[in-house]
Protein chains: 2
Amino acid sequence: MARKSATGRIGIADVAVKAGVSHATVSRVMNGNFTVDPDIAARVRAAAVELKYQPNPVGRSLALGKTDTIGIVVPDLANPTFQAILRGLSRAAAEDGYRVLIADSFEVSSEEAILAGEARRRCDGLVLCAPRMSDAELEEIAPSLHPLVLINRTTAAAGIPSLVVDYGQGVQDLAEHLVGLGHTRLAFLAGPAGSASNGLRLEGLEAFKARHPQVDVTMLDGGSDFDTGHGAVDSVLASGATGILAFNDLVAMGLMSGLHERGVDVPGDISVTGFDDIPFARYTTPTLTTAAVPIAELGGQAWRELRALIRKEDHDAPGGRYQPRLEIRASSGPAKAPRTATHG
Amino acid sequence: MARKSATGRIGIADVAVKAGVSHATVSRVMNGNFTVDPDIAARVRAAAVELKYQPNPVGRSLALGKTDTIGIVVPDLANPTFQAILRGLSRAAAEDGYRVLIADSFEVSSEEAILAGEARRRCDGLVLCAPRMSDAELEEIAPSLHPLVLINRTTAAAGIPSLVVDYGQGVQDLAEHLVGLGHTRLAFLAGPAGSASNGLRLEGLEAFKARHPQVDVTMLDGGSDFDTGHGAVDSVLASGATGILAFNDLVAMGLMSGLHERGVDVPGDISVTGFDDIPFARYTTPTLTTAAVPIAELGGQAWRELRALIRKEDHDAPGGRYQPRLEIRASSGPAKAPRTATHG
DNA sequence: CTGAAAGCGCTAACAG
DNA sequence: CTGTTAGCGCTTTCAG
């Protein structure tokens with residue numbers, strides 16, 4: 001009786017026969033179309049409730065040409081930064097009745113374009129988060145992904161809002177902070193080579209070096225996680241630097257942990273700074289000096305940009321630039337007497 | 001020429017006319033049906049490539065009655081535990097060509113059921129993560145959500161696999177560990193009142209108390225985040241306990257941070273244990289003794305259970321129970337001379 | 001081996 | 001105000 005449709009689930013047709021009307025009328029009632037006679041509407045609603053009818057979103061999507069779903073592509077869901085963006089995005093989108101489909105590329109940049117395309121086709125719009133693909137590839141696929149919002153990446157392709165954090169400014173602020181504390185030998189523990197945000201940090205450091213030729217800045221290879229920082233203790237000590245700019249908070253925490261194991265006092269012997277101000281940063285020992293990125297807000301803003309694109313709204317200020325805020329805590333302090341390199 | 005369909009995007013019909021065949025044939029070729037003449041198939045493929053044709057998944061979903069998407073409902077996407085489950089689930093599902101739709105209930109338990117229903121209708125199956133709704137409600141809606149997999153929650157409804165972590169055993173192991181170090185006054189910093197996993201911990205502690213009547217176990221109200229731990233310093237000190245079982249690692253870290261600010265030495269004065277073994281736990285100062293939950297594996301297993309349900313496979317061992325593993329680090333140590341309560 | 005046609009569940013013109 | 005009809009884009013019988 002109730003379940004007659006092929007899928008075995010209750011469809012609009014079941015409600016229609018039960019209420020003794022056409023499915024068009026049922027559709028009207030379900031969509032709040034008030035051109036329906038109140039009595040009939042009530043009968044339809046009663047039938048719907050009785051059958052526990054819920055419209056099938058797939059049929060609806062096909063008819064309307066929209067899915068009420070957006071996609072987000074991230075390079076690594078394990079990264080707190082992307083988690084925070086996802087959360088902000090999800091929350092903001094949910095308020096407008098949109099769901100979020102996630103696609104994790106697991107840092108495999110060769111799969112990113114295909115992944116993005118697939119995700120896009122299932123959704124009404126896409127957020128591409130710090131894609132690792134080349135500029136050329138990004139520019140090539142960007143138009144086919146529209147509506148598209150980019151985070152921490154820009155492209156020459158037209159009509160693509162881009163939300164970027166000014167990592168270059170942030171790292172300069174941190175470096176200035178250390179110099180203000182008397183440090184003259186700094187080291188930068190870099191992030192992943194392909195990372196655009198690492199590139200922005202490097203540019204910022206170049207500007208800093210131009211302004212402070214007397215300060216020695218050593219570049220050290222790195223990565224983006226705890227283990228990177230923990231494993232960098234030797235090279236950090238060998239550099240002779242007293243102020244260490246870690247790629248991000250995770251790296252900084254790993255480094256502090258490694259230094260602690262060696263009996264090196266932070267900030268007594270060495271000052272350490274992070275980047276991002278993840279929630280954990282204020283609970284490390286010592287608490288971490290870092291540059292705070294309003295990351296959840298970024299996710300929310302990404303949704304607003306995307307929403308404007310989906311609604312084809314006119315859009316005066318597409319994209320935006322986010323300034324990190326210096327967050328001075330206990331992991332940075334006055335420079336000690338200069339140390340000498342201790343190789344081997 | 002190319003784009004003639006109503007949506008403005010290239011559809012199967014465009015490829016069909018370009019290749020001079022019917023859309024049925026295009027469909028066959030796109031789906032790797034080998035009953036198509038090789039020459040025609042080649043022509044179709046060439047047309048598809050030239051037009052950059054990508055099948056519309058919505059139309060496909062409607063025809064096939066499946067979306068190749070699963071949903072996950074979590075109470076709070078900010079919680080590292082749920083993030084890890086999401087990651088494990090997403091990774092495992094992706095390997096089988098499935099995408100993940102997320103639904104964050106933001107701890108609003110009244111919205112959970114509706115959210116779950118909506119998510120389910122867009123997907124081929126659902127993972128409900130530690131739902132906060134009542135047992136009665138869960139049991140009522142569970143059948144309508146099938147295929148459904150439950151995490152850290154069980155239900156009497158039939159055919160619902162349930163993956164649960166044995167928090168009761170874990171907390172007992174931690175308590176035994178502390179007692180083995182000579183602690184006789186313990187305190188449990190509880191989690192959110194509605195949390196099922198908190199209930200399991202409480203049951204475990206009851207069993208522990210029955211076994212160790214000489215040990216004093218104080219119950220303290222709490223929560224599940226840093227601030228809970230940080231704010232609990234006073235009540236912890238007032239309890240006079242020397243061994244503190246925190247609800248989870250986050251709470252433990254907040255507590256350690258607060259104790260450090262008061263000059264209380266961990267583990268010299270007070271031993272602290274967490275729960276979960278989140279990645280940060282091995283990098284705190286001191287490193288955190290905790291009970292490790294194989295959480296990413298849980299996400300992967302959730303997918304396998306769900307996949308079996310979706311494929312209607314016979315399924316000998318639905319669900320499973322995960323035993324936490326004691327991870328002894330530096331935040332727990334021998335008990336000092338007994339302290340006295342220092343109220344006020 | 002291929003095309004015509006039906007149908008997945010829904011919405012929206014268009015008649016009446 | 002309501003029913004009929006025609007799609008949305010795709011898969012899949014069913015003839016040929």
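By convention in this document, chain letters (A, B, ...) are assigned in the order of the sequence lines, proteins followed by strands, and residues within each chain are numbered from 1. Owing to the predicted nature of the structure, the values given are computational and were not obtained by experimental measurement.
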Choose from [options] the nucleotide whose nearest atom is closest to any side-chain atom of [X].
X	options	result
Thr25(A)	dT2(C), dC10(D), dG3(D)	dG3(D)
Ala24(A)	dA12(C), dT11(C), dT2(C)	dA12(C)
Arg60(A)	dG9(D), dG3(C), dT11(C)	dT11(C)
Val36(B)	dT2(D), dC10(D), dT2(C)	dT2(C)

Classify [X] by what it touches in the nucleic acid, base, sugar-phosphate, or nothing, heavy-atom distance under 4.0 Å.
X	answer
Tyr53(B)	sugar-phosphate
Ser27(B)	base
Val21(B)	sugar-phosphate

[X] [atom1] to [N] [atom2], straight-line distance once rounded to whole Å:
X	N	atom1	atom2	result
Lys66(B)	dG9(C)	NZ	P	16 Å
Leu62(A)	dC10(C)	CG	C1'	8 Å
Asn31(B)	dT12(D)	CG	C1'	10 Å
Asp14(B)	dC10(D)	CG	P	9 Å
Ile10(B)	dC10(D)	CD1	P	11 Å
Asp68(B)	dC10(D)	CG	C1'	14 Å
Met30(B)	dG9(D)	CE	C1'	13 Å
His23(B)	dG9(D)	NE2	P	12 Å

Supply the atom-to-atom distance [X] [atom1] to [Y] [atom2], rounded to the nearest 0.5 angstrom.
X	Y	atom1	atom2	value
Ile10(B)	Lys52(B)	CD1	NZ	8.5 Å
Phe82(B)	Asp104(B)	CZ	CG	9.5 Å
Leu89(A)	Leu298(A)	CG	CG	10.5 Å
Ile70(B)	Asp124(B)	CD1	CG	9.0 Å

On the side chain of Arg28(B), is there an atom forming a donor-acceptor pair with the base of dG3(C) - under 3.5 Å, no angle test?
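Indeed, a donor on one side and an acceptor on the other fall under 3.5 Å apart.
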Want to settle it: does Thr35(A) or Leu64(A) sit nearer the 5' end of DNA chain D, counting the closest nucleotide to each?
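The residue closer to the strand's 5' end, by nearest nucleotide, is Thr35(A).
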Whether over 12 other heavy atoms sit under 6.0 Å from Arg91(B) CZ
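Count not over threshold, so no.
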Between Gly59(B) and Ala63(A), name the one whose nearest nucleotide on DNA chain C is closer to the 5' end.
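Its nearest nucleotide lies further toward 5', so the answer is Gly59(B).
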